[in-house]
Amino acid sequence: MKIGFIGLGNMGAHMARNLAAAGHEVTGFDTVAPCPDGVARADTAADAAKGRDVVITMLPNGEILRAVADQVLPAMRPGALLLDCSTVDVASAREVAEQARAADVLAVDAPVSGGTGGADAGTLTFMAGGSDEGFAIARPLFDIMGQKAVHCGPSGAGQAAKICNNMILGITMIGTCEAFALADKLGLDRQKMFDVVSTSSGSSWSMNAYCPAPGVGPTSPADNDYRPGFAAELMLKDLRLSQQAAGMADADTPLGQAATALYERFVEQEDGEGRDFSAMLPRFETRGRG
Ligand code: NAD
């Protein structure tokens, strides 16, 4: 396929490189970042989109996505696919899909999980929203960039799945860190705590696969001085998106709200920026109830 790829940052550069390595003709554009190996450089976003079968975007937020969509949609050929893999607000995803429909272009929102390691290795998970037709065109590209793609529903459903998943992740990570800090103060050994909880009803991905306690459970960022991994500020971004969506949909999400407030404080006032999101554990360790 002829692919335009816009947004060649930490994630996009790996994804574009993997598509080119698989034999697709990839033209890239980024306002700052260079093109990875095998990707030809376009001078503008519109040039990267012109005449392509698929245009993929991997951008920081919804505002930038909407601005880029304004530039690329008029340049795209009828029947082509705009595939947005960024994590953005549900409203922006739906708005861009509506704009695409008016331009006779297919649109799929397909945010990812798996981080830069998954982007590099081609093992991302895609959560997709859009028509069956759009999903079918994207499928072989998902197979190159990732190991799993779930068609979640109409436009916006991919973003909805992503932020609901990450709201659960933020909440369970905080709960797991709180419990370790309480266990410490009760004199309970961390390894024993892991042995019990990881095989009991308190288990979760946060405990079992990404344990926030150094030296306990499988290797995780906690064993690497809490270097990310998944940075606290990215978790904060996703939690804020969950609360924005909850506001739009009038959904009661008290724990999502509390998790957002805690990560906000951690990132903005407590030196959490640049640390892994599991560094909530050393944060709780040093605190009492006051
Ligand atoms: P990044 O900041 O490294 O990359 C974004 C790129 O977009 C940058 O290179 C920037 O120069 C470029 N850009 C900004 N405005 C542009 C414009 N108008 N035209 C063209 N290019 C433009 O971010 P990232 O880590 O690659 O993340 C991209 C998206 O993926 C985000 O929405 C993020 O939330 C999501 N995501 C990231 C991770 C991760 O671990 N990094 C994991 C899952 C999802």
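If you're wondering where the values come from, they're calculated on a predicted model, not measured in any experiment. Whatever order the structure lists them in is the order used to number ligands and atoms, beginning at 1.
- Close approach of ligand 1 to Ile6 (heavy-atom distance below 4.0 Å) involves ligand atoms 20 (C).
- Neither the backbone nor the side chain of Ala67 comes within 4.0 Å of ligand 1, counting heavy atoms alone.
- With respect to atom 11 (O) of ligand 1, the closest heavy atom belonging to the protein is Asp30 OD1, 2.6 Å.
- Proximity of Glu273 to Phe266: side-chain heavy atoms (C-beta onward) are nowhere separated by under 4.5 Å.
- Not a single heavy atom of Ala45 sits closer than 4.0 Å to an atom of ligand 1.
- Met11 CG, 3.8 Å is the protein heavy atom nearest to atom 24 (P) of ligand 1.
- Ligand 1 places these atoms under 4.0 Å from at least one heavy atom of Val68: 17 (C), 18 (N), 19 (N).
- Regarding atom 16 (C) of ligand 1, its nearest protein heavy-atom neighbour is Thr31 OG1, 3.6 Å.
- Taking every non-hydrogen atom of Lys237 and a distance limit under 4.0 Å, the qualifying atoms of ligand 1 come out as 31 (C), 32 (O), 33 (C), 34 (O).
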Using residues 21-40 as the side-chain source, report each donor-acceptor pair under 3.5 Å to any protein atom, sequence neighbours left out, with the distance given to one decimal.
from, atom 1, to, atom 2, distance (Å)
His24, ND1, Met1, N, 2.8
Thr27, OG1, Arg52, NH1, 3.1
Asp30, OD1, Val32, N, 2.7
Asp30, OD1, Ala33, N, 2.9
Asp30, OD2, Leu8, N, 2.7

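- A salt bridge between Glu270 and Arg287 is present, with a side-chain N of the basic residue lying under 4.0 Å from a carboxylate O of the acidic one.
- Salt-bridge annotation for Glu264 and Lys237: absent, with no side-chain N of the basic residue lying under 4.0 Å from a carboxylate O of the acidic one.
- With hydrogens left out, the protein atom closest to atom 2 (O) of ligand 1 is Pro60 CG, 4.5 Å, a heavy atom.
- Counting heavy atoms from C-beta on, the side chains of Leu81 and Val55 never come closer than 4.5 Å.
- For the pair Met15 and Leu19, the minimum side-chain heavy-atom distance is 4.5 Å or more.
- No part of Glu63 comes within 4.0 Å of ligand 1, judged by heavy-atom distances.
- Scanning all heavy atoms of the two residues, the minimum distance from Ala149 to Phe142 falls at CB-CD1, 3.6 Å.
- With ligand atoms numbered from 1 in the order given, ligand 1 contributes 32 (O) to contacts under 4.0 Å with heavy atoms of Ser86.
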Checklist line | Test log, rule side-chain contact (heavy atoms from CB on, under 4.5 Å), inputs Arg227 and Asp276 | finding: CA-CA 5 Å; Arg227 276 189 279 277; Asp276 189 73; over 6 Å; no
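- For atom 4 (O) of ligand 1, the closest non-hydrogen atom on the protein side is Gly9 CA, 3.3 Å.
- Remark: distances from the non-hydrogen atoms of Gln71 to ligand 1 are all 4.0 Å or more.
- Considering backbone and side-chain N/O of Asp238, none are found under 3.5 Å from N/O of ligand 1.
- Of the candidates Thr57, Asn166, Leu59, Asn10, Asn10 brings a heavy atom nearest to atom 1 (P) of ligand 1.
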Donor-acceptor list for residues 60-75 side chains, cut-off 3.5 Å, not counting sequence neighbours:
from, atom 1, to, atom 2, distance (Å)
Asn61, OD1, Glu63, N, 3.2
Asn61, OD1, Ile64, N, 2.9
Arg66, NE, Ser92, OG, 3.0
Asp70, OD1, Gln99, NE2, 2.6

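- Each of the atoms 40 (O), 42 (C) of ligand 1 lies under 4.0 Å from some heavy atom of Gly115.
- Arg190 has a carboxylate O that lies under 4.0 Å from a charged side-chain N of Glu285, or vice versa, which qualifies the two as a salt bridge.
- At the top of the distance list for atom 30 (O) of ligand 1, counting protein heavy atoms only, stands Met58 CE, 3.1 Å.
- Just one of Asn165, Thr260, Thr87 meets the side chain to side chain contact (heavy atoms under 4.5 Å, CB included) condition when paired with Asp238; it is Thr87.
- For ligand 1, the polar-atom distance check finds an N/O of Thr87 within less than 3.5 Å of one of the ligand's N/O atoms.
- Using bins of under 30°, 30° to 60° and over 60° for the plane-to-plane angle, the ring pair Phe277/Phe230 lands in the perpendicular bin.
- Near Gly7, meaning under 4.0 Å from any of its heavy atoms, are these atoms of ligand 1: 7 (O).
- Between the side chain of Asp109 and the backbone N or O of Gly156 there is at least one donor-acceptor pair closer than 3.5 Å.
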Notebook entry, point to check: Taking it one step at a time, do Leu124 and Phe126 satisfy side-chain contact (heavy atoms from CB on, under 4.5 Å)?
Noted result: CA-CA 6 Å; Leu124 294 169; Phe126 290 86; 3.9 Å; yes
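- Interface of Ala33 with ligand 1, defined as ligand atoms under 4.0 Å from a residue heavy atom, comprises 9 (O).
- Which parts of ligand 1 touch Phe29 is read off a 4.0 Å heavy-atom cut-off, strictly below it: atoms 19 (N), 20 (C).
- At under 3.5 Å, not a single nitrogen or oxygen of Asn61, backbone or side chain, sits near a nitrogen or oxygen of ligand 1.
- Here Ile64 has side-chain heavy atoms under 4.0 Å from ligand 1, and that is the only part of it that gets that close.
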